[in-house]
Amino acid sequence: MLDIAFIRERPEQVKEGLINRGDSPNIVDEVLTLDGHRRALLQQVEALRAERNRVSKEISRMRDKTEREERIAAMRLVGKRIGELETRLRQVESDLRQVMAFLPALPHESVPVGPDETHNVVVRQWGEPREFDFEPIPHWDLGPELDILDFERGVKLSGSRFYVLKKEGARLQRALISWMLDVHTREHGYTEIYPPFVVKKECMWTAGELPKFAENIYHDVEDDIWLVPTAEVPLTNLHRDEILSGDDLPLHYVAYTACFRREKMSAGRDVRGIKRGHQFDKVEMYRITTPETSYQALEEMVEEALDLCRRLGLPYRVLELCTGDLGFHSSKTYDIEVWAPGCGEWLEVSSLSNCESFQARRANIRYRPERGAKPRFVHTLNGSGLALPRIMIAVLETYQQADGSVIVPEVLRPWMGGIEVIGGDQAA
RNA sequence: GGAGGGAUGACCGAGUGGACGAUGGUGACGGUCUUGAAAACCGUUGUGGCUCUCAGGCCACCGAGGGUUCGAAUCCCUCUCCCUCCGCCA
């Protein structure tokens with residue numbers, strides 16, 4: 001959600017941001033028109049309410065019965081008028097809220113301007129893709145051959161885009177999750193959170209998922225409860241409607257959740273393998289900061305996510321998303337991609353965003369810089385640290401051997417019960 | 001699932017139609033006193049909106065949303081959440 005006062009004062013700047021994103025700027029004029037109506041009505045209503053308040057107090061003190069009756073009759077008319085105006089005001093306010101809800105976050109000035117993902121900029125790169133002396137095979141062949149990944153039974157249970165992990169496959173995922181959580185909590189200073197995996201509709205709206213992305217989220221109609229598409233949703237809502245003390249900031253949270261997405265937008269794409277399932281696991285980093293420190297925090301989060309990739313020995317590149325590829329609620333985003341030699345592509349394993357005050361406004365999360373000072377909106381940041389299926393793909397494909405076995409990266413072995421190789425002689 | 005009780009400011013808690021944005025207490029902050037601290041005493045201690053050069057003015061907010069009324073924290077309706085007891089259960 002954008003600041004209505006800001007839109008009022010700098011409409012051209014808002015329009016420019018929308019155009020750079022590839023959105024229509026017309027919505028700004030719509031907002032300004034509704035805002036004008038709203039304020040005009042509000043002034044009328046408030047003037048009448050002030051009159052009613054004043055006269056009602058007088059009535060309570062009146063002795064003269066006739067005069068009293070006269071005033072009550074007069075106020076009855078005023079009340080009726082107020083009621084009419086309030087009805088119109090409510091309508092205008094709800095229209096305005098509705099239109100505002102579709103306004104995306106404005107891109108930060110440092111974000112490269114461009115229409116689509118072809119204009120994203122590679123800002124960092126690390127590691128060399130491994131040289132193979134045999135033809136590396138994709139994980140959708142590797143997994144079933146090792147008997148750690150079962151697509152047919154996943155489909156039998158739940159339909160397309162579902163799969164079953166077994167044996168060391170399941171264990172590898174569990175090891176990765178535990179390891180990531182341990183690194184973030186012990187070394188990067190995060191507080192671990194285990195949130196609900198389903199939330200109320202309100203939480204989806206707050207996080208910016210609704211109303212725009214309703215068709216991508218599963219929900220239960222009977223209880224109107226929604227399955228989280230990312231841990232970012234419950235984490236954003238953790239401090240909803242709170243005024244934090246300046247001393248509390250910055251807050252660093254890390255949470256593991258399963259994530260559920262209907263993937264209606266990408267029907268038919270990436271159907272092979274575990275790259276894009278309806279259900280996937282993710283460890284999510286989340287920070288709440290002051291406005292002054294949020295961009296520094298974003299760089300730190302990127303570094304923390306890259307730290308994991310380096311320890312796993314996975315070559316990566318970092319993309320700075322251009323304005324046209326930016327997510328709805330983000331002002332600046334970096335994507336981290338690792339190389340998967342089997343399927344031969346860069347896989348997005350993390351997306352790190354500074355939402356500035358966009359979510360904070362929707363969620364009404366503020367902080368008091370110091371005692372007695374006025375509350376200000378916080379900045380919120382989120383980033384995967386990391387997304388499991390794609391890291392699994394990269395690990396399996398990168399560390400595969402000619403005999404079809406997979407070497408377990410050294411950093412993970414303590415979480416794998418000491419298993420060094422999946423398949424081969426040590427097969428469980 | 002059944003029965004009952006509740007939601008008021010940072011916290012506790014009073015308030016059942018008119019001077020209540022809200023008694024009182026706790027905490028916090030400032031001050032007096034003190035060598036210092038404590039105690040005691042005095043004072044301060046909300047959020048948002050509209051208007052506005054400033055000072056200020058006005059409006060709204062007592063879980064949420066409607067309604068009754070000249071006037072609602074207070075009465076009515078709907079919803080949400082919490083608690084207690086019983087039942088069921090990983």
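Reminder, nothing fancy here: chain letters follow the sequence lines and each chain counts from 1.
Figure legend. B:rU35 is base-paired to no nucleotide; pairs are counted as Watson-Crick or G-U wobble with both atom distances under 3.5 Å. Look at B:rC70: its Watson-Crick or wobble partner, with both distances under 3.5 angstrom, is B:rG18. In this structure, B:rA10 and B:rU26 make a Watson-Crick or G-U wobble pair, each of the two defining distances being under 3.5 angstrom. Across all strands shown, the partner of B:rU78 is B:rA64, judged by Watson-Crick or G-U wobble contacts whose two distances both fall under 3.5 Å. Both distances falling under 3.5 Å, in either a Watson-Crick or a G-U wobble arrangement, place B:rG56 opposite B:rU51. Under the Watson-Crick and G-U wobble criteria, each requiring two contacts below 3.5 Å, nucleotide B:rC85 is paired to B:rG2.
Counting only N and O atoms by type, the side chains of A:E304 and A:Y190 include a donor and acceptor under 3.5 Å apart. Remark: the A:D220 side chain and the A:W226 side chain contain no N/O donor-acceptor pair separated by less than 3.5 Å. No side-chain donor-acceptor contact under 3.5 Å links A:R362 and A:N364. Checked by atom type, the side-chain pair A:E192/A:Y256 shows no donor-acceptor distance below 3.5 Å.
Salt bridge status for A:R54 with A:E58: present, with a side-chain N to carboxylate O gap under 4.0 Å. The existence of a salt bridge linking A:D64 and A:R68 is excluded, since no basic side-chain nitrogen approaches an acidic carboxylate oxygen closer than 4.0 Å.
With P as the reference atom, B:rC85 and B:rG71 are 44 Å apart, rounded to whole Å. Spacing of P atoms, B:rU8 relative to B:rA64, comes out at 10 Å, to the nearest Å. Taking the C1' atoms as reference points, B:rC20 lies 15 Å from B:rA60, given to the whole Å. Across the C1' atoms, B:rC83 and B:rG63 are found 15 Å apart, a figure rounded to whole Å. Here the separation of B:rU16 from B:rU68, taken at their C1' atoms, is 16 Å to the nearest Å. Taking the C1' atoms as reference points, B:rG43 lies 38 Å from B:rC81, given to the whole Å. Only the P atoms considered, B:rA22 is 12 Å distant from B:rA73, to the nearest whole Å. Nucleotides B:rC59 and B:rG2 are separated by 46 Å at their P atoms, to the nearest Å.
Between the CG atom of A:D241 and the P atom of B:rG9 there is a distance of 14 Å, given to the nearest Å. Spacing between atom CD of A:E242 and atom C1' of B:rG46 amounts to 16 Å, rounded to whole angstrom units. In this structure, A:I82 atom CD1 and B:rA60 atom C1' are separated by 13 Å, rounded to whole Å.
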Nucleotide-resolved protein contact map, nucleotides 63-83 of chain B, B/S/- at heavy-atom distance under 4.0 Å: ---SS--BS------------
Sugar-phosphate atoms are those with a prime plus P, OP1 and OP2; base atoms are the rest. Using that split, label each nucleotide of nucleotides 47-57 of chain B B, S or - for protein heavy atoms under 4.0 Å, 5' to 3'. SSBSS------
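Side-chain atoms of A:R21 do not come within 3.5 Å of backbone N or O of A:G324 as any donor-acceptor pair.
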Under 3.5 Å, sequence neighbours excluded: what are the donor-acceptor pairs made by side chains of residues 203-216 of chain A?
| residue | atom | partner | partner atom | Å |
| --- | --- | --- | --- | --- |
| A:T206 | OG1 | A:E202 | O | 3.0 |
| A:N216 | OD1 | A:E263 | N | 2.8 |

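The CG atom of A:L312 lies 6.5 Å from the OH atom of A:Y399; values are rounded to the nearest 0.5 Å.
Checked options A:I27, A:L34, A:V31; the residue passing with A:M100 is A:V31 (criterion: side-chain contact (heavy atoms from CB on, under 4.5 Å)).
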